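I have placed the structure first, in the form of structure tokens, so that the comments after it can refer back to it.
Because the structure is a prediction, the values reported are computed rather than measured.
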There are 2 protein chains.
Amino acid sequence: MTKQGGRRDGAGRPKGSNQYGEPTRPVRLPVSQIERVLRFVREREHELPLYACGVSAGFPSPADDYAEGALDLNAHLVRQPAATFFARARGDSMIGAGIHDGDLLVVDRSLTAEDGKVVVVSINGELTVKRMRREKGITWLIPENPDYPPIRFQEQDEAHLWGVVTNVIHSL
Amino acid sequence: MTKQGGRRDGAGRPKGSNQYGEPTRPVRLPVSQIERVLRFVREREHELPLYACGVSAGFPSPADDYAEGALDLNAHLVRQPAATFFARARGDSMIGAGIHDGDLLVVDRSLTAEDGKVVVVSINGELTVKRMRREKGITWLIPENPDYPPIRFQEQDEAHLWGVVTNVIHSL
DNA sequence: TCTTTGAAATATGTAACAGAATTCAAAAAG
DNA sequence: CTTTTTGAATTCTGTTACATATTTCAAAGA
């Protein structure tokens, strides 16, 4: 048995051939979270397949490539984590905008409340959801249900604009 | 200066007094993800405040305790990550169930399709959303829009039950 | 009684290490 | 000449080890 190989260029496992394709570093984490974090990082558990209904041809299966790729709900629905909160809708005053009693609203405080946007406002210490309309310098809060009257919005007294609704989550 | 302290019970930093309140262990992670993971673990970035609309008294602010606590969208909407996928709804055949054109559907394949559930089925290689009705041993797929006809569902030929819709996500 | 001080004990970020994995070219086999 | 085997070289990877920081308590000092 004589020498095989020897010092030479290109020998050995290539740099950057790890599972992430980039350098790694040890980080100390709480034991109970390690498994969850590894799934989060390695398998991108939060990214689930997204298919199209009503246009898809063929027979989609998890083995196929996703018709519209993968989706992370948090990343998709929450663009500004620091400025986002959720609100539970009550009543049917916004039924025309597809907001039902008990629906979960995603609200972004960093968006500007333009004309036509659905907004969350607090009036007399109570949170409420309405569509905002600006007309001749006057701002109206309009329910999307003919049973309810529009409200004139003035930043004074106890009225305060709270954020713009970006998504409605309805449970079946 | 003489000796102070000395060997004695109760001295020193207490066990379990770390920021997580439980043991930690080093884990090797890709450098680019470390910051994101630390936020994920330490600050629970995905858990955003949840308020109540229409019933809340007082003036909620991030400083207050959340009216209904904190919510993680993924944990809330995706109970079975391995069995869940998303589908993009097309058309208005389910408008009566609050499903509009372009809405995102959360679909769970691990749930059993009972009578009255909204389901995703593939018929002739196309994904479609309908409400399932079982009647005298016959299974119907019923659109919630009078403009569309019910469909009789038979597991044979090209029909295949794909999952149960648990949530509808509507963008404004 | 209140404040200061230092030893004791654990927390924490990272270097270091041992074993696994991977690659390449020389050697061996066909 | 072509294909297969082999072993050195090199990096990856999970974990241990360690130096430093942090926290606590009781004794000493004011």
Distance-only donor-acceptor check, side chains A/S32 and B/E22, under 3.5 Å: yes
Length of the line joining A/E35:CD and D/dG14:P, which is rounded to integer Å: 14 Å
Check: B/K130/B/T128 side-chain N/O donor and acceptor closer than 3.5 Å: yes
Nucleotide C/dA11, atom C1' - distance to CD of B/E22 in whole Å: 14 Å
Of B/G16 and A/V27, the one whose closest DNA chain C nucleotide lies more 5': B/G16
A/L29 and A/V37, any side-chain heavy atoms less than 4.5 Å apart: yes
Value in whole Å for how far the C1' atom of C/dA20 lies from CD of A/Q19: 13 Å
B/R42, nearest nucleotide to its side chain (from C/dG13, D/dG14, C/dT12): C/dG13
A/F86-B/Y51 aromatic ring centre distance below 6.0 Å: no
Can you pull every protein N or O that's under 3.5 Å from an N or O on nucleotides 16-22 of chain D?
from   : atom 1 : to    : atom 2 : distance (Å)
D/dT22 : O2     : B/R13 : NH1    : 3.4

Plane angle bin for B/H100 and B/H170 - parallel if under 30°, tilted between 30 and 60°, otherwise perpendicular: tilted
Length of the line joining A/N18:CG and C/dA20:P, which is rounded to integer Å: 19 Å
A/S171-B/N167 side chain donor-acceptor pair, cut-off 3.5 Å: yes
Nearest-neighbour nucleotide for the A/K15 side chain, D/dT23, D/dT11, C/dT12 considered: D/dT11
For atom OH of B/Y20 and atom C1' of C/dT10, their distance in whole Å: 16 Å
